[in-house]
Amino acid sequence: MAARFVGRLAPSPTGALHLGNVRTFMAAWLQARARGGRLLLRIEDLDHPKHKPGADEALLDDLRWLGFDWDGPALRQSARLGAHRAALARLPRYPCWCSRADIQGAQSAPHPGEVLRYPGTCRRRDPALPPPPGRVPAWRLPLGPGDDGRFTDAFAGEQTRTADQLTGDFVIARGEEPAYVLASLVDDADGGVTDVVRGDDILPVTPAQNVLADRLGLPRPTHWHLPLLVGPDGRRLAKRHGDTRVAAYRAAGLAPGRLLTALARASRWIAPDATVAALRDILPTFDIRLTPREPLVWDDARLS
Ligand code: GLU
């Protein structure tokens, strides 16, 4: 018998919940509920300069207002540092002293939607050299010939590039702080997560996460990477496109069903003239594979 579906929502408290996250979270919620599975919620609050105080509570409040629920308490990634550090201790690593500018200078700029590939500079650095003063090292995993990381995404299809081609030796910790790629992989594995539904901005680091899973002997989850929301200019939905925070629509008196209907129609999960009042109303027609493969162009006219 196939393992029971376990999905998760993994918001980062870097700011308010906005429509881009909502579409992805709807897919994650619907996919879990459609399969009769469980859905966990994890707040990815590892120390990060962009994290805003109070953002976690506001995020959860907006999610509940939209009708999201999850199984068990909301977990905090910061409470699991011990597990992240235990995983880190099992991995080989070398210190890297390069700044982002150093890495950018060593290669041509990445294409949109790609990450900066590390060329391995510090792997060749003489370990007898003293560390540059006042710098905290980034610890990188030295990729070996057995590290491949390629996979078939259940939504986006076959991924043909290896971790070495995409990220190169990637960062697993900064100073003593485990990096996001490691922490989220360990949390998913410990939570028994079978399926990860998330935005395709994370697609380029997924081979790196697969390498970590293989190295640590953890199962690789099935991945479903969905396209992001973009503004009418084709750029990722952001402040310049107007206020698409859930809080702003709430303050304007919009009912949650209006937002859910607009996003579900645009995602082809309901008929173009159908209306829903709650997430569960989408379930009878929901099929994640109907989601358009191209980025969803958002315009508030979709709400009318
Ligand atoms: N915390 C990430 C974000 O909000 C998502 C990470 C993931 O789903 O693995 O962008």
Side-chain angles (χ1 to χ4, degrees), residues 5-32 38-52 55-60 62-63 66 68 70 74-81 83-84 87 113 115 149 151 153-156 159 163 166-167 170-172 177-213 218-230 236-238 244-246 288 291 295-296:
F5 187 104
V6 183
R8 53 33 159 213
L9 307 175
S12 298
T14 45
L17 185 71
H18 64 87
L19 287 189
N21 315 122
V22 174
R23 201 278 274 263
T24 308
F25 292 159
M26 285 170 73
W29 187 96
L30 290 160
Q31 184 76 335
R38 282 166 52 74
L39 186 70
L40 312 179
L41 185 133
R42 174 174 76 239
I43 300 172
E44 304 217 300
D45 63 342
L46 277 191
D47 249 348
H48 193 286
K50 280 201 257 168
H51 283 180
K52 306 226 168 72
D56 346 12
E57 277 317 312
L59 254 173
L60 296 183
D62 283 341
L63 283 172
L66 283 163
F68 282 93
W70 47 88
L75 302 175
R76 272 169 208 287
Q77 194 154 52
S78 56
R80 298 202 8 97
L81 265 179
H84 307 149
V115 282
F151 69 110
D153 191 276
F155 179 80
Q159 304 298 307
L166 286 161
T167 52
F170 55 90
V171 174
I172 52 175
E177 296 309 312
Y180 154 74
V181 277
L182 176 65
S184 85
L185 176 91
V186 169
D187 290 348
D188 282 339
D190 286 356
V193 168
T194 60
D195 290 72
V196 169
V197 179
R198 62 186 179 186
D200 66 6
D201 52 327
I202 308 178
L203 201 45
V205 298
T206 305
Q209 285 193 313
N210 287 337
V211 165
L212 287 176
L218 300 173
R220 292 183 184 189
T222 300
H223 287 101
W224 309 76
H225 284 95
L226 299 191
L228 300 178
L229 263 59
V230 296
R236 188 171 169 171
L237 202 63
T244 61
R245 290 174 309 137
V246 170
I288 199 169
T291 316
L296 167 54

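When a ligand or atom number is given, it counts from 1 through the structure's own listing order.
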- Item | Closest candidate by heavy atom, reference atom 9 (O) of ligand 1, pool R42, R8, E44, Q209 | R8

- Query: Relative to the heavy atoms of I202, which atoms of ligand 1 are at a distance of less than 4.0 Å?
  - Reply: 5 (C), 6 (C), 7 (C)

- D62 (side chain) donor-acceptor with L59 (main chain) under 3.5 angstrom: no

- Message: Students should be able to answer this: which protein heavy-atom is nearest to atom 6 (C) of ligand 1, and at what distance?
- Response: Y180 OH, 3.0 Å

- Would you give the length of the straight line joining atom CE of M26 to atom CG of L19, rounded to the nearest 0.5 angstrom? 10.0 Å

- Could you walk me through whether Q209 and S184 pass the side-chain hydrogen bond (donor to acceptor under 3.5 Å, both in side chains) test, one step at a time? CA-CA 9 Å; Q209 285 193 313; S184 85; 2.8 Å; yes

- Identity and separation of the nearest protein heavy atom to atom 5 (C) of ligand 1: A10 O, 3.5 Å

- Pull out every atom of ligand 1 sitting under 4.0 Å from any heavy atom of R198, numbered as shown with elements. 7 (C), 8 (O), 9 (O)

- So, does T24 use its side chain to make a donor-acceptor pair with the main chain of R198 at under 3.5 Å? no

- Query: Looking at S12, which atoms of ligand 1 are within less than 4.0 Å of one of its heavy atoms?
  - Reply: 1 (N), 2 (C), 3 (C), 4 (O)

- Verify, without hydrogens or angle tests, whether D56 (side chain) and P13 (backbone) share a donor-acceptor contact under 3.5 angstrom. no

